[in-house]
Amino acid sequence: MTGLFPPKPAAVWPLIAAVAFAAAALTTLVLIENQKLLGLTLAGIAAICFAAARFGGVAATEAAASENPWLLRGLITIAAIGVLYVLRDDNFGLLMVATVLIYATVCIGLTIQMGYTGLTNFAAAAFVGTGGYTAAMLGQKGGLPDPLVLIGGGLVAVFIGSLLILPVLRTRGHYAALTTLAFGVMFNVFLDANELLGGPQGLKIPGINLFGWDFSSDLQILGITFSFYVNYVILTGVLTALAMILAGLLDKSWIGVWLDVVRLDETAAAVFGLKIGTWKILAFTLGNFLAGLMGAVYAKMTGFIAPSNFTFGDSLVMVSIVILGGIGNRWGVLPAALIVVLLPEKLQFIQEYRLLLYAILVIVILIMRPDGLVARRVRTLRMEARS
Amino acid sequence: MGMIGQHLLNGMMQGTIYGLVAMGFTIFFGVMNVIKFSHGDVLTLGAFGGLVAVWATNSMGLPVPVQFIAAFAAAMLLSAVAGAGISHFLIMPLRNAPPLNMLLMTMMVGTVLREAIRLFFPNGTNPQRFPELLPSGGFNIGSSFFRTDALILIVAGIASIGVVYWIINRTKFGLAMRAVAEDVETARTMGINFARVIPLTFALGSITAGFAGTIYGLYYSEINYGMGLLLAVIGFTAAIVGGLGNIWGAIIGGYLFAGLQTFVVAAMPSMSDYKNVFAFVLIIMLITWRPTGLLAERGSERV
């Protein structure tokens, strides 16, 4: 980008096309029931994505998106409204969309931890579970308004996570992996043994009621009836958007650069006077808060949680979403979560084999594309920063 | 008083199994600087191989000692092949990748093994009964009862630890292994066949897992597809507490973990469901206190 002439502004039509395509693809995938047709559609979507990547469409979209952030946000909102309108009475489809959004948000938190800061966290499901169980316990006691319950889920996850801060700060590499790994397994053993938390049978939880907005009743807008799951899709969608904006701001600000330095070379970071501990704690806390918050939403949405929802295998699934999407690439999380959550639900023959297939998929990707499907772009510093 | 002997024996048994698993982790880390997290699932695979071997020999009408030998032989062979295969096809191509990728890769390999056993072994979702092949009697010392089979298994386990130690420190293969661990390039210029030493090293580490899996099956009379995961976490923990890459550290770590569990069970019987929780909490505290293990890793960190 050096030179006397300012670069030409990027064309916006690839961005419009990409958002429209994503919305159409999502809706079709959710709606199709016929297995053969679904297979063909998947192949078609894959072919279009591949062609777009091959002929520079992805790069053009990225350029347009980074130059017109507000256009991007507006387009996504319009697309979201469109998708919700088409799916308005498909309960199962809406439930799946909300679940995808929950996974995506947790994985944005995980991206901040693992992708930006380089903190290994193999206990994501445990933090999600902490949020879920907090919501369940607060719900049973009653009296607390639901917004506080959801935030409480996040805060308790942060609190539980803070017990791990000291070991996470003091250890590195494999030793650091151990602390979260042991914590994740420990969490599950604890839930299984604890009678107060329902033991292996789990707990029931009532739905959400935000400021008199009852999530368990159907929504009436302009005379059109929407299934009550639309409430959850809107809530999770807003939370995903907020998490995405937060991760984006982090990435764009100097904090993001510092996190990169901490990840790439702790010694260099310390030499430059960065407080490594502060940034690690910030990233760890943010990620755990998102996990706990979404855990609470998940528990409220499904109405039931049990230890088997939050096993080590689930933590691995979340890590594989981050890896699939390209480590440190926050946009990659969305399609990856979609693939991981939606496909096993739609392709019935996969259901039983899903963990096996994820594992094989991740192995293949780690061998073929060690940076993930859509690799994170190397940071380019702007002119002002360079001079 | 009577319970103390029981707890001691049980703790020794678990400690031997954990020590064997941790030793495998340590061998892989010492030589290749990788954590092969699929270790626990290789152990499960070995145990299931042993079970099939017992079924086969039993249906052929062979005597119990032959079944016993067949179980160990099949378990060790299967885990050795699995270990060597994993190292050759998956770990070697990735050996320059970031440690996180490697850890994740081996976790996923473990998941593949675990899920494959669950899905494709007949009735694999449910626990499998492991036949009793050892004399079931025992004897009393004072008021505590000692199971003969447990004593035999403990002796066998400790003996196998000794054999591995002997292989590493007294044989030519062990020398080659240590040379590769020290410096791959120099070892190669000295004429060590790198491409052969690595799979053999992984086979050796995995054999100890297959051995431990069979001991587990014989002692608890039950195996299931998911047992490797907890054993892997515990073995990994033990190896780390001892200090990665240090065989004695791994064994100390194994017995320490079992000791902590047994202590919780013995001191607070009502909390015995939480024995792993307590053990993990103490281990996390221990690792916070000494971030590179009790017996520190050899060499200093490169800056």
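Each chain gets a letter, A, B and so on, in the order its sequence line appears, and its residues count up from 1. Keep in mind that what you see is a predicted model, and the values were worked out from it rather than measured.
- The choice from A:Leu163, A:Asp265, A:Asn194, A:Asp192 that makes the most heavy-atom pairs within less than 4.5 Å of chain B is A:Asn194.
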Please output the side-chain donor-acceptor pairs of residues 316-325 of chain A that fall under 3.5 Å, not counting sequence neighbours, one pair per line with the distance.
residue: A:Ser320; atom: OG; partner: A:Leu316; partner atom: O; Å: 2.7
residue: A:Ser320; atom: OG; partner: A:Val317; partner atom: O; Å: 2.8

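- Contacts between residues 222-239 of chain B and chain A, counted as heavy-atom pairs separated by less than 4.5 Å, involve B:Leu229, B:Leu230, B:Val233, B:Phe236, B:Thr237.
- Looking at A:Leu181 and B:Met107, their side chains come closer than 4.5 Å, going by heavy atoms from C-beta outward.
- Top candidate by heavy-atom pairs under 4.5 Å with chain A, chosen from B:Asn276, B:Val109, B:Leu113, is B:Val109.
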For this session: Test side-chain contact (heavy atoms from CB on, under 4.5 Å) on B:Thr111 and A:Leu356 and set out the steps.
Result: CA-CA 7 Å; B:Thr111 309; A:Leu356 183 69; over 6 Å; no

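- Between chain A and the options B:Leu103, B:Leu90, B:Leu119, the largest number of non-hydrogen pairs under 4.5 Å is found for B:Leu119.
- Between B:Phe120 atom CZ and A:Tyr353 atom OH the span is 5.0 Å, to the nearest 0.5 Å.
- Shown here is A:Phe159, whose CZ atom has no more than 12 heavy atoms of other residues, nucleotides or ligands within 6.0 Å.
- Using a 4.5 Å cut-off between heavy atoms, B:Ile35 contacts chain A through both its backbone and its side chain.
- Contact of B:Val241 with chain A is not made at all, since no heavy-atom distance falls under 4.5 Å.
- Neither the backbone nor the side chain of A:Asn188 comes within less than 4.5 Å of any heavy atom of chain B.
- Residues A:Ile367 and B:Met105 have side chains in contact (heavy-atom distance under 4.5 Å, counting atoms from C-beta outward).
- Residue contact with chain A, scored on non-hydrogen atoms closer than 4.5 Å, involves the side chain of B:Phe37 exclusively.
- The number of heavy atoms from other shown groups lying within 6.0 Å of CZ (A:Phe272) does not exceed 12.
- With a 4.5 angstrom heavy-atom cutoff, B:Ile240 touches chain A via backbone and side-chain atoms both.
- Only the side chain of A:Thr120 comes within less than 4.5 Å of a heavy atom of chain B; its backbone N, CA, C and O stay farther away.
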Exercise. After noting the C-alpha distance and the side-chain angles of B:Tyr274 and A:Phe190, does the key distance pass the ring-ring contact (aromatic ring centres under 6.0 Å, His included) rule?
Worked result: CA-CA 6 Å; B:Tyr274 295 99; A:Phe190 177 79; 5.7 Å; yes

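- Of the two parts of A:Phe122, only the side chain, counted from C-beta on, holds a non-hydrogen atom closer than 4.5 Å to a non-hydrogen atom of chain B.
- Heavy-atom distances place the side chain of A:Leu164, and not its backbone, under 4.5 Å from chain B.
- Contact annotation for residues 250-264 of chain B against chain A (heavy-atom separation below 4.5 Å): no residues qualify.
- Residues forming a side chain to side chain contact (heavy atoms under 4.5 Å, CB included) with B:Thr125 (at least two apart in sequence, or on another chain): B:Arg118.
- Within 6.0 Å of CE on B:Met285 lie no more than 12 heavy atoms contributed by other residues, nucleotides or ligands.
- In this structure, the separation between CG on A:Leu178 and CD1 on B:Ile284 is 7.0 Å, given to the nearest 0.5 Å.
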